[in-house]
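Quick caveat, the model's predicted, so the values are computed rather than measured. Naming convention: chains lettered A, B, ... in sequence-line order (proteins, then strands); numbering from 1 in each chain. FYI, side chains are in, hydrogens and waters are out, and symmetry mates aren't considered; it's all heavy atoms of this structure.
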Number of protein chains: 2
Amino acid sequence: MRVLIVEDEMELADTVALGLRREGMAVDVAYDGVSGEEHLEANAYDVLVLDRDLPGVSGDEICKSLASGGSPVRILILTASTGIEEKVAGLGLGADDYLGKPFAFIELVARIRALARRLEARVGPKLMVDDVTLDPATHQVHRAGRPIDLTRKEFAVLEYLLLASGSVVSSEELLEHVWDDSADPFSGVVRVVMSRLRQKLGPPSVIQTLSGVGYRIADDR
Amino acid sequence: MRVLIVEDEMELADTVALGLRREGMAVDVAYDGVSGEEHLEANAYDVLVLDRDLPGVSGDEICKSLASGGSPVRILILTASTGIEEKVAGLGLGADDYLGKPFAFIELVARIRALARRLEARVGPKLMVDDVTLDPATHQVHRAGRPIDLTRKEFAVLEYLLLASGSVVSSEELLEHVWDDSADPFSGVVRVVMSRLRQKLGPPSVIQTLSGVGYRIADDR
DNA sequence: ATCGCTTGTTGCAGGGATGTTACAAGGCCC
DNA sequence: GGGCCTTGTAACATCCCTGCAACAAGCGAT
(Lines give C-alpha, C1' and ligand atoms only; values in the text may rest on other atoms or scores of the structure.)
Protein backbone atom coordinates (compact mmCIF):
# COMPACT_ATOMS: atom_id res chain seq x y z
CA MET A 1 0.00 0.00 0.00
CA ARG A 2 1.41 3.32 -1.11
CA VAL A 3 0.97 6.30 1.18
CA LEU A 4 1.90 9.96 0.91
CA ILE A 5 2.17 12.12 4.01
CA VAL A 6 1.89 15.87 3.60
CA GLU A 7 2.68 17.51 6.90
CA ASP A 8 4.82 20.52 7.72
CA GLU A 9 5.78 19.44 11.21
CA MET A 10 8.77 17.47 10.08
CA GLU A 11 9.23 15.52 13.25
CA LEU A 12 5.64 14.34 13.30
CA ALA A 13 5.77 13.52 9.61
CA ASP A 14 8.91 11.44 9.98
CA THR A 15 7.63 9.60 13.01
CA VAL A 16 4.42 8.66 11.29
CA ALA A 17 6.30 7.65 8.15
CA LEU A 18 8.62 5.40 10.09
CA GLY A 19 5.74 3.77 11.90
CA LEU A 20 3.78 3.15 8.72
CA ARG A 21 6.85 1.67 7.05
CA ARG A 22 7.14 -0.74 9.93
CA GLU A 23 3.59 -1.74 9.13
CA GLY A 24 4.79 -2.63 5.67
CA MET A 25 3.48 0.35 3.79
CA ALA A 26 5.45 2.25 1.14
CA VAL A 27 5.61 5.79 2.42
CA ASP A 28 6.73 9.06 0.87
CA VAL A 29 6.80 12.36 2.74
CA ALA A 30 6.31 15.96 1.63
CA TYR A 31 6.79 18.83 4.03
CA ASP A 32 4.72 21.41 2.20
CA GLY A 33 1.76 21.70 -0.12
CA VAL A 34 3.67 22.39 -3.31
CA SER A 35 5.95 19.43 -2.89
CA GLY A 36 2.92 17.38 -1.93
CA GLU A 37 1.19 18.17 -5.19
CA GLU A 38 4.31 17.26 -7.13
CA HIS A 39 4.42 13.88 -5.46
CA LEU A 40 0.75 13.34 -6.14
CA GLU A 41 1.28 14.00 -9.82
CA ALA A 42 4.28 11.77 -10.08
CA ASN A 43 2.99 8.69 -8.30
CA ALA A 44 -0.13 6.64 -7.85
CA TYR A 45 -0.81 6.73 -4.13
CA ASP A 46 -3.52 4.73 -2.46
CA VAL A 47 -3.89 6.94 0.56
CA LEU A 48 -3.02 10.56 1.27
CA VAL A 49 -2.51 11.64 4.85
CA LEU A 50 -2.98 15.38 4.69
CA ASP A 51 -2.40 18.10 7.24
CA ARG A 52 -5.10 20.69 6.94
CA ASP A 53 -3.00 23.60 8.15
CA LEU A 54 -0.15 23.85 5.71
CA PRO A 55 2.02 26.80 4.78
CA GLY A 56 1.73 27.72 1.09
CA VAL A 57 -0.90 25.57 -0.63
CA SER A 58 -3.42 24.62 2.04
CA GLY A 59 -4.64 21.11 2.67
CA ASP A 60 -8.15 22.16 1.78
CA GLU A 61 -7.07 23.28 -1.66
CA ILE A 62 -5.22 20.07 -2.36
CA CYS A 63 -8.22 18.11 -1.18
CA LYS A 64 -10.63 20.03 -3.34
CA SER A 65 -8.56 19.83 -6.47
CA LEU A 66 -8.07 16.09 -6.04
CA ALA A 67 -11.76 15.51 -5.51
CA SER A 68 -12.81 17.61 -8.48
CA GLY A 69 -10.17 15.94 -10.61
CA GLY A 70 -11.72 12.54 -9.94
CA SER A 71 -8.59 11.18 -8.35
CA PRO A 72 -8.93 7.74 -6.79
CA VAL A 73 -6.71 8.66 -3.84
CA ARG A 74 -8.32 8.20 -0.47
CA ILE A 75 -7.76 11.19 1.74
CA LEU A 76 -7.36 11.22 5.49
CA ILE A 77 -7.21 14.71 6.96
CA LEU A 78 -5.19 15.50 10.05
CA THR A 79 -5.89 18.63 11.99
CA ALA A 80 -5.41 20.40 15.28
CA SER A 81 -9.08 21.33 15.55
CA THR A 82 -11.38 18.58 16.72
CA GLY A 83 -14.85 20.13 16.60
CA ILE A 84 -17.52 18.15 14.86
CA GLU A 85 -18.31 21.02 12.54
CA GLU A 86 -14.73 20.94 11.41
CA LYS A 87 -14.95 17.26 10.78
CA VAL A 88 -17.97 17.54 8.59
CA ALA A 89 -16.49 20.44 6.68
CA GLY A 90 -13.48 18.28 6.03
CA LEU A 91 -15.53 15.35 4.85
CA GLY A 92 -17.60 17.65 2.66
CA LEU A 93 -14.39 18.79 1.02
CA GLY A 94 -13.96 15.36 -0.49
CA ALA A 95 -11.91 13.78 2.27
CA ASP A 96 -12.68 10.20 3.23
CA ASP A 97 -11.81 10.43 6.88
CA TYR A 98 -10.75 12.85 9.50
CA LEU A 99 -8.51 12.61 12.50
CA GLY A 100 -7.90 15.29 15.13
CA LYS A 101 -4.50 15.76 16.71
CA PRO A 102 -3.35 14.43 18.98
CA PHE A 103 -4.14 10.91 17.89
CA ALA A 104 -2.99 7.44 18.83
CA PHE A 105 -0.78 5.92 16.21
CA ILE A 106 -2.68 2.64 16.23
CA GLU A 107 -5.82 4.48 15.34
CA LEU A 108 -4.19 6.14 12.38
CA VAL A 109 -3.10 2.77 11.09
CA ALA A 110 -6.57 1.31 11.51
CA ARG A 111 -8.08 4.23 9.65
CA ILE A 112 -5.66 3.97 6.79
CA ARG A 113 -6.36 0.27 6.55
CA ALA A 114 -10.08 0.90 6.45
CA LEU A 115 -9.62 3.46 3.72
CA ALA A 116 -7.51 1.22 1.57
CA ARG A 117 -9.71 -1.80 1.86
CA ARG A 118 -11.36 -2.55 -1.38
CA LEU A 119 -14.76 -3.93 -1.98
CA GLU A 120 -14.51 -7.12 -3.96
CA ALA A 121 -11.77 -9.01 -2.26
CA ARG A 122 -13.01 -8.18 1.16
CA VAL A 123 -14.18 -11.22 2.98
CA GLY A 124 -14.47 -9.92 6.45
CA PRO A 125 -11.47 -8.67 8.29
CA LYS A 126 -9.47 -11.27 6.47
CA LEU A 127 -8.56 -11.53 2.86
CA MET A 128 -8.77 -15.02 1.53
CA VAL A 129 -8.45 -16.90 -1.70
CA ASP A 130 -8.38 -20.61 -1.98
CA ASP A 131 -6.84 -21.86 1.29
CA VAL A 132 -4.76 -18.74 1.85
CA THR A 133 -5.90 -16.20 4.41
CA LEU A 134 -4.33 -12.87 5.23
CA ASP A 135 -5.28 -10.72 8.18
CA PRO A 136 -4.24 -7.11 7.65
CA ALA A 137 -4.85 -6.23 11.28
CA THR A 138 -2.54 -8.82 12.79
CA HIS A 139 -0.16 -9.30 9.88
CA GLN A 140 -0.79 -13.00 9.84
CA VAL A 141 -0.94 -15.28 6.88
CA HIS A 142 -2.13 -18.86 6.87
CA ARG A 143 -2.02 -21.51 4.21
CA ALA A 144 -4.41 -24.38 4.78
CA GLY A 145 -4.54 -23.45 8.45
CA ARG A 146 -0.80 -23.33 8.92
CA PRO A 147 0.77 -20.02 9.86
CA ILE A 148 3.34 -18.63 7.46
CA ASP A 149 5.98 -16.06 8.32
CA LEU A 150 6.32 -13.36 5.73
CA THR A 151 8.53 -10.32 5.72
CA ARG A 152 6.96 -6.89 5.34
CA LYS A 153 7.58 -6.69 1.62
CA GLU A 154 6.35 -10.20 1.00
CA PHE A 155 3.26 -9.47 3.04
CA ALA A 156 2.62 -6.21 1.22
CA VAL A 157 2.90 -7.88 -2.16
CA LEU A 158 0.56 -10.70 -1.21
CA GLU A 159 -1.90 -8.24 0.27
CA TYR A 160 -1.88 -6.20 -2.90
CA LEU A 161 -2.50 -9.27 -5.02
CA LEU A 162 -5.36 -10.33 -2.77
CA LEU A 163 -6.89 -6.87 -2.83
CA ALA A 164 -6.82 -7.00 -6.59
CA SER A 165 -9.06 -10.04 -6.17
CA GLY A 166 -7.98 -12.06 -9.13
CA SER A 167 -7.18 -9.22 -11.46
CA VAL A 168 -3.86 -9.24 -13.17
CA VAL A 169 -1.31 -6.97 -11.55
CA SER A 170 1.77 -5.91 -13.51
CA SER A 171 5.16 -5.57 -11.88
CA GLU A 172 5.03 -1.88 -12.71
CA GLU A 173 1.84 -1.57 -10.71
CA LEU A 174 3.38 -3.46 -7.84
CA LEU A 175 6.40 -1.19 -7.91
CA GLU A 176 4.06 1.78 -7.91
CA HIS A 177 2.02 0.66 -4.94
CA VAL A 178 4.18 -1.54 -2.80
CA TRP A 179 7.55 0.20 -3.16
CA ASP A 180 8.35 3.85 -2.60
CA ASP A 181 10.24 6.41 -4.70
CA SER A 182 13.61 4.86 -4.10
CA ALA A 183 12.79 1.68 -5.99
CA ASP A 184 14.69 0.96 -9.20
CA PRO A 185 12.23 0.04 -11.97
CA PHE A 186 14.78 -2.12 -13.75
CA SER A 187 16.08 -4.08 -10.83
CA GLY A 188 13.77 -7.05 -10.96
CA VAL A 189 13.05 -6.90 -7.24
CA VAL A 190 9.52 -7.94 -7.91
CA ARG A 191 10.73 -11.18 -9.45
CA VAL A 192 12.80 -11.92 -6.39
CA VAL A 193 10.10 -11.16 -3.85
CA MET A 194 7.64 -13.14 -5.90
CA SER A 195 9.96 -16.12 -5.90
CA ARG A 196 10.44 -15.98 -2.13
CA LEU A 197 6.72 -15.58 -1.62
CA ARG A 198 5.94 -18.63 -3.69
CA GLN A 199 8.52 -20.68 -1.84
CA LYS A 200 7.05 -19.74 1.51
CA LEU A 201 3.49 -20.35 0.38
CA GLY A 202 4.51 -23.70 -1.03
CA PRO A 203 2.62 -25.84 -3.53
CA PRO A 204 0.10 -25.96 -4.97
CA SER A 205 0.94 -22.65 -6.54
CA VAL A 206 -1.42 -19.79 -5.75
CA ILE A 207 0.29 -17.04 -7.71
CA GLN A 208 0.08 -17.29 -11.46
CA THR A 209 2.24 -15.52 -13.98
CA LEU A 210 0.94 -14.23 -17.26
CA SER A 211 4.07 -13.64 -19.25
CA GLY A 212 4.32 -10.10 -20.50
CA VAL A 213 1.29 -9.06 -18.52
CA GLY A 214 1.67 -9.60 -14.82
CA TYR A 215 0.78 -11.71 -11.81
CA ARG A 216 -2.47 -12.73 -10.22
CA ILE A 217 -3.84 -14.77 -7.40
CA ALA A 218 -5.37 -18.02 -8.51
CA ASP A 219 -9.07 -17.62 -8.46
CA ASP A 220 -9.88 -20.54 -10.64
CA ARG A 221 -13.15 -22.27 -11.08
CA MET B 1 -28.63 4.74 -2.42
CA ARG B 2 -30.20 2.06 -0.27
CA VAL B 3 -29.58 2.21 3.48
CA LEU B 4 -30.63 -0.01 6.36
CA ILE B 5 -30.57 1.21 9.94
CA VAL B 6 -30.49 -1.37 12.70
CA GLU B 7 -30.90 0.39 16.03
CA ASP B 8 -33.02 -0.44 19.06
CA GLU B 9 -33.48 3.08 20.33
CA MET B 10 -36.54 3.76 18.24
CA GLU B 11 -36.51 7.49 18.56
CA LEU B 12 -32.91 7.76 17.46
CA ALA B 13 -33.48 5.32 14.62
CA ASP B 14 -36.48 7.22 13.31
CA THR B 15 -34.75 10.56 13.52
CA VAL B 16 -31.79 9.33 11.58
CA ALA B 17 -34.02 7.64 9.02
CA LEU B 18 -35.99 10.81 8.50
CA GLY B 19 -32.87 12.86 8.06
CA LEU B 20 -31.34 10.43 5.58
CA ARG B 21 -34.52 10.33 3.54
CA ARG B 22 -34.38 14.08 3.30
CA GLU B 23 -30.96 13.60 1.82
CA GLY B 24 -32.52 11.52 -0.92
CA MET B 25 -31.57 8.08 0.34
CA ALA B 26 -33.88 5.07 0.45
CA VAL B 27 -33.96 4.07 4.10
CA ASP B 28 -35.35 1.04 5.93
CA VAL B 29 -35.32 0.62 9.69
CA ALA B 30 -35.11 -2.43 11.90
CA TYR B 31 -35.40 -2.18 15.66
CA ASP B 32 -33.64 -5.41 16.56
CA GLY B 33 -31.06 -7.81 15.26
CA VAL B 34 -33.38 -10.53 14.03
CA SER B 35 -35.50 -8.15 12.03
CA GLY B 36 -32.31 -6.56 10.76
CA GLU B 37 -31.05 -9.84 9.39
CA GLU B 38 -34.35 -10.47 7.67
CA HIS B 39 -34.13 -7.13 5.95
CA LEU B 40 -30.57 -7.83 4.91
CA GLU B 41 -31.57 -11.09 3.31
CA ALA B 42 -34.52 -9.61 1.51
CA ASN B 43 -32.87 -6.53 0.03
CA ALA B 44 -29.60 -5.39 -1.51
CA TYR B 45 -28.45 -2.51 0.64
CA ASP B 46 -25.48 -0.32 -0.14
CA VAL B 47 -24.86 0.79 3.40
CA LEU B 48 -25.74 -0.68 6.77
CA VAL B 49 -25.84 1.57 9.83
CA LEU B 50 -25.50 -0.82 12.71
CA ASP B 51 -25.81 -0.35 16.43
CA ARG B 52 -23.30 -2.46 18.20
CA ASP B 53 -25.32 -2.94 21.36
CA LEU B 54 -28.50 -4.65 20.27
CA PRO B 55 -30.90 -6.86 22.21
CA GLY B 56 -31.06 -10.37 20.77
CA VAL B 57 -28.60 -10.81 17.93
CA SER B 58 -25.71 -8.43 18.60
CA GLY B 59 -24.29 -6.01 16.08
CA ASP B 60 -20.98 -7.79 16.21
CA GLU B 61 -22.56 -11.05 15.16
CA ILE B 62 -24.36 -9.48 12.24
CA CYS B 63 -21.19 -7.77 11.21
CA LYS B 64 -19.17 -10.92 11.35
CA SER B 65 -21.65 -13.04 9.48
CA LEU B 66 -21.97 -10.45 6.73
CA ALA B 67 -18.24 -10.22 6.43
CA SER B 68 -17.67 -13.94 6.28
CA GLY B 69 -20.50 -14.28 3.79
CA GLY B 70 -18.68 -11.96 1.42
CA SER B 71 -21.49 -9.46 1.38
CA PRO B 72 -20.74 -6.23 -0.45
CA VAL B 73 -22.63 -4.09 2.06
CA ARG B 74 -20.64 -1.26 3.58
CA ILE B 75 -20.98 -1.25 7.33
CA LEU B 76 -20.95 1.77 9.64
CA ILE B 77 -21.02 0.89 13.29
CA LEU B 78 -22.68 3.08 15.90
CA THR B 79 -21.82 2.65 19.51
CA ALA B 80 -21.97 4.18 22.93
CA SER B 81 -18.33 3.47 23.63
CA THR B 82 -15.85 5.81 22.07
CA GLY B 83 -12.52 4.38 23.18
CA ILE B 84 -9.85 3.90 20.60
CA GLU B 85 -9.56 0.22 21.35
CA GLU B 86 -13.23 -0.18 20.62
CA LYS B 87 -12.85 1.61 17.34
CA VAL B 88 -10.01 -0.55 16.24
CA ALA B 89 -11.86 -3.68 17.27
CA GLY B 90 -14.86 -2.52 15.29
CA LEU B 91 -12.84 -1.90 12.19
CA GLY B 92 -11.18 -5.26 12.64
CA LEU B 93 -14.57 -6.91 12.71
CA GLY B 94 -15.11 -6.03 9.10
CA ALA B 95 -16.80 -2.71 9.58
CA ASP B 96 -15.88 0.09 7.22
CA ASP B 97 -16.34 2.96 9.60
CA TYR B 98 -17.12 3.67 13.17
CA LEU B 99 -19.00 6.42 14.94
CA GLY B 100 -19.36 6.89 18.68
CA LYS B 101 -22.51 8.21 20.27
CA PRO B 102 -23.35 10.94 20.69
CA PHE B 103 -22.70 12.14 17.17
CA ALA B 104 -23.80 15.08 15.11
CA PHE B 105 -26.32 14.08 12.51
CA ILE B 106 -24.53 15.91 9.78
CA GLU B 107 -21.44 13.90 10.50
CA LEU B 108 -23.31 10.63 10.06
CA VAL B 109 -24.58 11.74 6.70
CA ALA B 110 -21.13 12.80 5.63
CA ARG B 111 -19.76 9.42 6.64
CA ILE B 112 -22.40 7.51 4.73
CA ARG B 113 -21.69 9.64 1.71
CA ALA B 114 -18.01 8.86 1.99
CA LEU B 115 -18.79 5.14 2.20
CA ALA B 116 -21.04 5.25 -0.81
CA ARG B 117 -18.51 7.18 -2.84
CA ARG B 118 -15.96 4.49 -2.20
CA LEU B 119 -18.47 1.97 -3.43
CA GLU B 120 -18.92 3.51 -6.83
CA ALA B 121 -15.24 4.01 -7.42
CA ARG B 122 -14.21 0.93 -9.34
CA VAL B 123 -15.64 -1.09 -12.23
CA GLY B 124 -13.72 -0.08 -15.30
CA PRO B 125 -15.33 0.13 -18.69
CA LYS B 126 -15.41 -3.28 -20.30
CA LEU B 127 -15.66 -4.17 -23.91
CA MET B 128 -18.11 -6.88 -24.71
CA VAL B 129 -19.67 -8.60 -27.66
CA ASP B 130 -21.79 -11.67 -27.48
CA ASP B 131 -20.52 -13.63 -24.45
CA VAL B 132 -17.00 -12.26 -24.67
CA THR B 133 -15.86 -9.53 -22.31
CA LEU B 134 -12.54 -7.76 -22.24
CA ASP B 135 -11.35 -5.49 -19.47
CA PRO B 136 -8.55 -3.22 -20.67
CA ALA B 137 -7.70 -2.16 -17.14
CA THR B 138 -7.03 -5.60 -15.70
CA HIS B 139 -6.05 -7.37 -18.89
CA GLN B 140 -8.73 -9.94 -18.44
CA VAL B 141 -10.87 -11.72 -20.96
CA HIS B 142 -13.85 -13.88 -20.25
CA ARG B 143 -15.87 -16.12 -22.50
CA ALA B 144 -19.26 -17.06 -21.12
CA GLY B 145 -18.01 -16.17 -17.67
CA ARG B 146 -14.88 -18.29 -17.89
CA PRO B 147 -11.54 -16.51 -17.70
CA ILE B 148 -9.27 -16.89 -20.69
CA ASP B 149 -5.54 -16.26 -20.63
CA LEU B 150 -4.25 -14.35 -23.60
CA THR B 151 -0.75 -13.23 -24.46
CA ARG B 152 -0.06 -9.58 -25.11
CA LYS B 153 -0.42 -9.80 -28.86
CA GLU B 154 -3.54 -11.91 -28.72
CA PHE B 155 -5.05 -9.51 -26.23
CA ALA B 156 -4.17 -6.49 -28.34
CA VAL B 157 -5.70 -8.01 -31.46
CA LEU B 158 -8.92 -8.95 -29.70
CA GLU B 159 -9.12 -5.51 -28.14
CA TYR B 160 -8.73 -3.89 -31.53
CA LEU B 161 -11.44 -6.02 -33.02
CA LEU B 162 -13.78 -5.25 -30.16
CA LEU B 163 -13.08 -1.54 -30.40
CA ALA B 164 -14.05 -1.74 -34.05
CA SER B 165 -17.36 -3.00 -32.68
CA GLY B 166 -18.45 -5.21 -35.51
CA SER B 167 -16.92 -3.40 -38.44
CA VAL B 168 -14.45 -5.19 -40.66
CA VAL B 169 -10.77 -4.84 -39.90
CA SER B 170 -8.16 -5.69 -42.53
CA SER B 171 -4.86 -7.40 -41.78
CA GLU B 172 -3.08 -4.26 -42.95
CA GLU B 173 -4.99 -2.23 -40.41
CA LEU B 174 -4.15 -4.67 -37.64
CA LEU B 175 -0.48 -4.66 -38.60
CA GLU B 176 -0.62 -0.91 -38.62
CA HIS B 177 -2.13 -0.56 -35.16
CA VAL B 178 -1.18 -3.63 -33.17
CA TRP B 179 2.33 -4.24 -34.44
CA ASP B 180 5.20 -1.80 -34.60
CA ASP B 181 7.44 -0.72 -37.46
CA SER B 182 9.51 -3.84 -37.41
CA ALA B 183 6.63 -6.03 -38.48
CA ASP B 184 6.97 -7.68 -41.85
CA PRO B 185 3.84 -7.01 -43.90
CA PHE B 186 4.26 -10.22 -45.85
CA SER B 187 4.91 -12.61 -43.01
CA GLY B 188 1.33 -13.55 -42.26
CA VAL B 189 1.74 -13.02 -38.53
CA VAL B 190 -1.81 -11.85 -38.31
CA ARG B 191 -3.03 -15.18 -39.60
CA VAL B 192 -1.03 -16.96 -36.94
CA VAL B 193 -2.19 -14.83 -34.05
CA MET B 194 -5.74 -15.02 -35.30
CA SER B 195 -5.55 -18.79 -35.33
CA ARG B 196 -4.24 -18.99 -31.79
CA LEU B 197 -6.84 -16.49 -30.63
CA ARG B 198 -9.66 -18.53 -32.05
CA GLN B 199 -8.32 -21.69 -30.44
CA LYS B 200 -8.22 -20.04 -27.04
CA LEU B 201 -11.65 -18.51 -27.38
CA GLY B 202 -13.03 -21.85 -28.46
CA PRO B 203 -16.30 -22.55 -30.25
CA PRO B 204 -18.71 -21.19 -31.19
CA SER B 205 -16.57 -18.98 -33.33
CA VAL B 206 -16.65 -15.28 -32.54
CA ILE B 207 -14.23 -14.02 -35.16
CA GLN B 208 -15.43 -14.10 -38.72
CA THR B 209 -13.31 -13.91 -41.83
CA LEU B 210 -14.43 -12.02 -44.91
CA SER B 211 -12.23 -13.35 -47.63
CA GLY B 212 -10.25 -10.64 -49.32
CA VAL B 213 -11.48 -8.01 -46.90
CA GLY B 214 -10.59 -8.71 -43.32
CA TYR B 215 -11.86 -9.90 -39.94
CA ARG B 216 -14.66 -8.86 -37.66
CA ILE B 217 -16.17 -9.80 -34.34
CA ALA B 218 -19.41 -11.72 -34.60
CA ASP B 219 -22.13 -9.30 -33.97
CA ASP B 220 -24.97 -11.78 -34.05
CA ARG B 221 -28.58 -11.29 -33.19
C1' DA C 1 -13.29 -29.88 -61.74
C1' DT C 2 -9.21 -27.22 -61.75
C1' DC C 3 -6.39 -23.41 -61.07
C1' DG C 4 -4.80 -19.52 -58.40
C1' DC C 5 -5.11 -16.95 -54.67
C1' DT C 6 -6.25 -16.27 -49.79
C1' DT C 7 -6.55 -18.01 -45.31
C1' DG C 8 -5.70 -21.60 -41.43
C1' DT C 9 -2.59 -24.66 -38.91
C1' DT C 10 1.48 -26.44 -37.03
C1' DG C 11 6.54 -27.13 -35.70
C1' DC C 12 10.44 -24.79 -34.70
C1' DA C 13 14.07 -21.38 -33.25
C1' DG C 14 15.52 -16.92 -31.37
C1' DG C 15 15.15 -13.81 -27.88
C1' DG C 16 12.94 -11.43 -24.36
C1' DA C 17 10.63 -12.22 -20.00
C1' DT C 18 10.62 -14.59 -15.75
C1' DG C 19 12.52 -17.77 -11.90
C1' DT C 20 16.25 -18.91 -8.86
C1' DT C 21 20.12 -18.54 -6.17
C1' DA C 22 24.13 -16.50 -3.84
C1' DC C 23 25.88 -12.54 -1.94
C1' DA C 24 26.27 -7.81 -0.05
C1' DA C 25 24.40 -3.84 2.27
C1' DG C 26 21.53 -1.88 5.35
C1' DG C 27 18.15 -1.65 9.04
C1' DC C 28 16.37 -3.23 13.37
C1' DC C 29 16.36 -5.07 17.96
C1' DC C 30 18.63 -6.15 21.84
C1' DG D 1 27.86 -1.98 18.91
C1' DG D 2 26.90 -6.82 17.50
C1' DG D 3 24.16 -10.19 15.38
C1' DC D 4 20.16 -11.37 12.89
C1' DC D 5 16.90 -10.58 9.50
C1' DT D 6 15.27 -8.22 5.57
C1' DT D 7 15.96 -6.23 1.18
C1' DG D 8 17.97 -5.41 -3.18
C1' DT D 9 21.59 -6.60 -6.83
C1' DA D 10 23.65 -9.47 -10.06
C1' DA D 11 24.42 -13.56 -12.59
C1' DC D 12 22.67 -17.45 -14.39
C1' DA D 13 18.99 -20.83 -15.74
C1' DT D 14 14.61 -21.52 -17.61
C1' DC D 15 10.37 -20.62 -19.73
C1' DC D 16 7.32 -19.26 -23.27
C1' DC D 17 5.91 -15.62 -26.57
C1' DT D 18 6.56 -14.41 -31.05
C1' DG D 19 7.29 -14.60 -35.79
C1' DC D 20 8.76 -17.45 -39.70
C1' DA D 21 8.19 -21.03 -42.91
C1' DA D 22 6.14 -24.82 -44.91
C1' DC D 23 2.20 -26.99 -45.87
C1' DA D 24 -2.97 -27.78 -45.77
C1' DA D 25 -7.45 -26.16 -46.56
C1' DG D 26 -10.93 -22.88 -48.32
C1' DC D 27 -12.91 -19.97 -51.71
C1' DG D 28 -14.11 -17.96 -56.17
C1' DA D 29 -13.79 -17.81 -61.00
C1' DT D 30 -13.36 -19.82 -65.34
Side-chain angles (χ1 to χ4, degrees), chain A residues 14-15 17-27 139 141 148-161 168-175 177-216, chain B residues 139 141 148-158 160-161 168-176 178-216:
Chain A
D14 292 341
T15 310
L18 181 61
L20 292 181
R21 289 201 186 102
R22 280 203 194 126
E23 291 288 322
M25 305 181 188
V27 185
H139 267 214
V141 174
I148 295 181
D149 284 345
L150 296 184
T151 69
R152 284 189 291 259
K153 270 275 138 57
E154 289 158 3
F155 184 89
V157 168
L158 181 60
E159 182 180 28
Y160 196 89
L161 286 176
V168 182
V169 178
S170 67
S171 8
E172 291 75 25
E173 191 179 343
L174 280 170
L175 272 177
H177 290 270
V178 175
W179 276 262
D180 61 21
D181 280 342
S182 58
D184 176 1
F186 303 104
S187 70
V189 208
V190 178
R191 295 209 307 274
V192 176
V193 172
M194 206 59 78
S195 168
R196 299 203 258 245
L197 234 188
R198 289 202 249 231
Q199 284 176 16
K200 288 193 181 176
L201 288 175
S205 151
V206 221
I207 302 174
Q208 303 177 341
T209 304
L210 302 193
S211 189
V213 187
Y215 302 90
R216 75 158 170 233
Chain B
H139 249 270
V141 174
I148 295 181
D149 290 343
L150 298 184
T151 69
R152 274 182 297 188
K153 273 277 138 60
E154 291 158 3
F155 185 89
V157 168
L158 181 60
Y160 196 87
L161 286 176
V168 185
V169 178
S170 68
S171 313
E172 290 74 26
E173 193 179 343
L174 279 170
L175 270 178
E176 183 77 19
V178 175
W179 275 263
D180 60 21
D181 286 341
S182 62
D184 176 0
F186 304 104
S187 71
V189 208
V190 178
R191 296 208 307 273
V192 176
V193 172
M194 206 59 78
S195 167
R196 298 203 258 244
L197 232 189
R198 289 203 251 233
Q199 284 176 18
K200 287 195 181 174
L201 288 175
S205 152
V206 222
I207 302 174
Q208 303 176 343
T209 304
L210 303 194
S211 192
V213 189
Y215 302 90
R216 78 162 169 221

(request) Round to the nearest Å and state the distance from A:Glu23 atom CD to C:dC28 atom C1'. (result) 15 Å
(request) Rounded to the nearest angstrom, tell me the gap between atom CZ in A:Arg198 and atom P in C:dT18. (result) 11 Å
(request) Measure the distance from CG on A:Leu210 to C1' on D:dC17 and round it to the nearest whole Å. (result) 12 Å
(message) Counting only side-chain nitrogens and oxygens, does B:Lys153 get under 4.0 Å of the OP1 or OP2 atom of D:dG19?
(response) yes
(request) Supply the atom-to-atom distance A:Arg152 CZ to A:Glu23 CD, rounded to the nearest 0.5 angstrom. (result) 9.0 Å
(request) Check each of B:Thr151, B:Val141, B:Leu158 against B:Leu197 using the side-chain contact (heavy atoms from CB on, under 4.5 Å) test, and report the only one that passes. (result) B:Leu158
(message) By nearest atom, which of the nucleotides C:dT10, C:dT21, C:dC28 is closest to the B:Ser195 side chain?
(response) C:dT10
(request) Using atom CZ of A:Phe186 as one end and atom P of C:dG16 as the other, report the distance to the nearest whole Å. (result) 15 Å
(request) Report the nucleotide, chosen from C:dT9, C:dG19, C:dC29, that has the shortest atom-to-atom distance to any side-chain atom of B:Val192. (result) C:dT9
(request) Side chain of B:Ser211 only, please: which of D:dC20, C:dT7, C:dA17 is the nearest? (result) C:dT7
(message) So, taking the atom named OH in A:Tyr215 and the one named CZ in A:Arg191, what distance separates them when rounded to the nearest 0.5 Å?
(response) 7.5 Å
(request) Give a yes/no answer on whether the side chain of A:Thr209 brings an N or O atom under 4.0 Å of OP1 or OP2 in C:dG19. (result) yes
(request) Would you kindly give the CG-to-P distance between A:Leu197 and C:dT18, to the nearest whole Å? (result) 17 Å
(message) Mind checking if A:Arg152 touches a base, just sugar-phosphate, or nothing, with heavy atoms under 4.0 Å?
(response) sugar-phosphate
(request) Can you check whether any acceptor in the base of D:dG19 is under 3.5 Å from a donor in the side chain of B:Arg191, or vice versa? (result) no
(request) Compare side-chain N and O positions of A:Ser187 against OP1 and OP2 of D:dT9 and report whether any pair is under 4.0 Å apart. (result) yes
(message) Rounded at 0.5 Å granularity, tell me how far CG in A:Leu210 sits from OG in A:Ser170.
(response) 11.5 Å
(message) Under 4.0 Å, counting only non-hydrogen atoms across every strand here, what does B:Tyr215 touch: a base, just sugar-phosphate, or nothing?
(response) sugar-phosphate
(request) Report the distance from atom CZ of A:Arg196 to atom C1' of D:dG8, rounded to the nearest whole Å. (result) 8 Å
(request) Starting from P on C:dC29, measure out to CZ on A:Arg21 and report it in whole angstrom. (result) 14 Å
(message) If you compare all heavy atoms of A:Asp149 against all heavy atoms of A:Glu154, which two are closest, and at what distance to 0.1 Å?
(response) O-OE1, 4.4 Å
(message) Is there a side-chain contact between B:Gln199 and the phosphate of C:dG8, meaning an N or O under 4.0 Å from OP1 or OP2?
(response) no
(request) Look at A:Trp179 and D:dT7 and indicate whether a side-chain polar atom (N or O) is within less than 4.0 Å of OP1 or OP2. (result) no
(message) Rounded to whole Å, please give me the gap between CG in B:Asp149 and P in D:dC16.
(response) 12 Å
(request) Could you tell me whether the phosphate oxygens of D:dT18, OP1 or OP2, come under 4.0 Å of any side-chain nitrogen or oxygen in B:Thr151? (result) yes
